[in-house]
Amino acid sequence: MKIATWNVNSVAARLARLTSWLADTQPDVVLIQETKSTDDRFPVAAIADAGYEVAHYGQGQWNGVAILSRVGVTDVQRGFGDQDPEARIIGATCGGVQVYSCYVPNGRSLEDPHYRYKLDWLGRLGELASTRPVGPFVLGGDFNVAPSDLDCWDPPSFLGATHVSEPERAAIRAIESTGLIDLIRVLHPDEPAYSWWDYRGGAFHQNHGLRIDLLLVDETLGRRATAGYVDREARKGVKPSDHAPVIAEFDLESEG
DNA sequence: ATGACTTACTAGGTAAGA
């Protein structure tokens with residue numbers, strides 16, 4: 001089974017690239033963030049033509065998360081089940097795997113109220129992880145946190161910024177402490193494996209990036225992973241998202 | 001230098017992203 005996470009930065013602006021990427025990549029499940037779409041406007045028909053069912057939790061101009069699947073989508077959950085004004089998490093069961101697509105708040109700056117909202121939100125994500133049922137589990141998405149300095153192209157220039165602060169990193173570690181593995185980092189302990197590059201200043205060309213899009217998987221799925229990688233090709237060319245897809249492949253058939 | 005791009009919303013400029 002191939003599972004990807006991708007912040008598309010508007011599903012409407014990215015639709016042609018998304019459908020061609022689906023055809024080329026053939027993922028079974030795609031965890032999408034920043035659809036910037038209402039449920040009404042989500043291009044369900046175009047995605048169906050590509051062979052995928054859709055579960056979407058949309059808001060409009062901002063946020064919006066979705067799950068695309070060609071192995072079924074059941075037990076859809078939108079939001080945390082409590083009051084959150086922003087559409088940032090959706091879960092479902094796809095092909096026997098419980099998956100979540102999350103879009104963690106940006107934080108803006110350490111002094112901004114949005115930073116407190118981000119830390120609170122990461123706390124709720126930890127609660128969700130700690131209360132999950134036993135079984136194959138993938139928590140993927142745009143976490144807006146670079147978990148270590150290896151995940152940041154220039155740590156000194158990020159001092160005092162969001163995405164690298166100790167409370168954010170501690171929140172990621174707390175989520176992992178529920179028994180989840182940062183799959184790409186475990187498979188590639190020494191590679192930066194950036195997943196986001198600023199549109200400005202030729203950042204992608206210079207590989208000035210951050211690794212903020214993560215696939216956190218339970219330990220059983222971690223043992224069954226056969227590959228995990230960033231699809232840098234999807235960041236190239238005309239009208240890309242500023243994020244690249246992060247992809248994992250699992251062997252769910254063998255014993256173990 | 002808080003800019004550089006890109007998006008939605010909407011027809012000019014703002015808010016937001018990270």
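Every chain is numbered from 1 and lettered A, B, ... according to where its sequence line falls, protein lines coming before strand lines. Computation of the quantities below employed the complete heavy-atom set of this structure, encompassing side-chain atoms and omitting hydrogens, waters and symmetry-equivalent molecules.
- Taking the nucleotide of DNA chain B with the nearest heavy atom to each of A/S10 and A/V104, the more 5' of the two is matched to A/S10.
- Rounded to the nearest Å, the gap between the C1' atom of B/dT10 and that of B/dT14 is 11 Å.
- Rounded to an integer number of Å, the gap from A/D213 CG to B/dA18 C1' is 11 Å.
- Comparing the same atom, C1', in B/dG17 and in B/dA4 gives a spacing of 14 Å after rounding to whole Å.
- For the pair A/R88 and A/Y103, the cation-pi test (distance below 6.0 Å, angle within 45°) is passed.
- For the atom pair CD of A/Q33 and CZ of A/F143, the computed distance is 8.5 Å after rounding to the nearest 0.5 Å.
- At a threshold of 4.0 Å, the pair A/D251-A/R224 does not count as salt-bridged, since none of the basic side-chain nitrogens sits closer than that to a carboxylate oxygen.
- Figure legend: A/R211 and A/Y194 shown without cation-pi pairing, the cationic atom not lying both under 6.0 angstrom from the six-membered ring centre and within 45 degrees of its axis.
- The residue A/F204 sits apart from the nucleic acid: no heavy atom pair falls under 4.0 Å.
- In this structure, A/N9 does not reach the B/dT7 phosphate: none of its side-chain N or O atoms is under 4.0 Å from OP1 or OP2.
- For A/D149 and A/R169, the salt-bridge test passes: some basic side-chain N is under 4.0 Å from an acidic carboxylate O.
- One interatomic measurement links the two molecules: CD of A/E111 to P of B/dT2, which rounds to 16 Å at whole-angstrom precision.
- A/W197 has its ring centre no less than 6.0 Å from the ring centre of A/W153.
- Taking the charged nitrogens against the carboxylate oxygens, A/D151 and A/R185 do have a contact shorter than 4.0 Å, which makes a salt bridge.
- Put simply, CG on A/L214 is 13 Å from P on B/dA18, counting in whole angstrom units.
- Under the side chain to side chain donor-acceptor pair (under 3.5 Å) criterion, A/Q59 pairs with A/N63, sequence neighbours left out.
- To the nearest angstrom, P of B/dA18 lies 13 Å from CH2 of A/W121.
- Nearer the 5' end of DNA chain B, as judged by each residue's closest nucleotide, is the contact made by A/V11, out of A/V11 and A/N7.
- Residue A/R14 contributes atom CZ, which lies 8 Å from atom C1' of B/dT7 at whole-angstrom precision.
- For DNA chain B, the neighbouring residues in residues 190-202 of chain A, judged by any heavy atom under 4.0 Å, are A/W196, A/Y199, A/R200.
- For residues 3-14 of chain A, no residue pair satisfies the salt bridge (Lys or Arg N to Asp or Glu O under 4.0 Å) rule, not counting sequence neighbours.
- A/T162 comes within contact range of no nucleotide atom at all, as no heavy-atom separation falls under 4.0 Å.
- Panel note: side chain A/S195, backbone A/D213; a donor-acceptor pair is recorded below 3.5 Å.
- With rounding to whole Å, A/L122 atom CG is found 13 Å from B/dA18 atom P.
- B/dA18 and B/dG13 are spaced 26 Å apart, taking the P atom of each and rounding to whole Å.
- In this structure, A/E168 pairs ionically with A/K118, as a charged nitrogen and a carboxylate oxygen lie closer than 4.0 Å.
- Spacing between atom CG of A/D154 and atom C1' of B/dA18 amounts to 15 Å, rounded to whole angstrom units.
- Across B/dA15 and B/dA1, the matching P atoms stand 24 Å from one another, rounded to whole Å.
- Applying a 4.0 Å cut-off to non-hydrogen atoms, the residues of residues 237-246 of chain A that approach DNA chain B are A/K239, A/H243, listed by residue number.
- No contact: A/N63 has no heavy atom under 4.0 Å from any strand.
- Contacts of A/D75 classified as side chain to side chain donor-acceptor pair (under 3.5 Å), with partners at least two apart in sequence or in another chain: A/T93.
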Pairs under 3.5 Å (N/O, protein and nucleotides 9-16 of chain B):
from	atom 1	to	atom 2	distance (Å)
B/dC9	OP1	A/R41	NH2	3.1

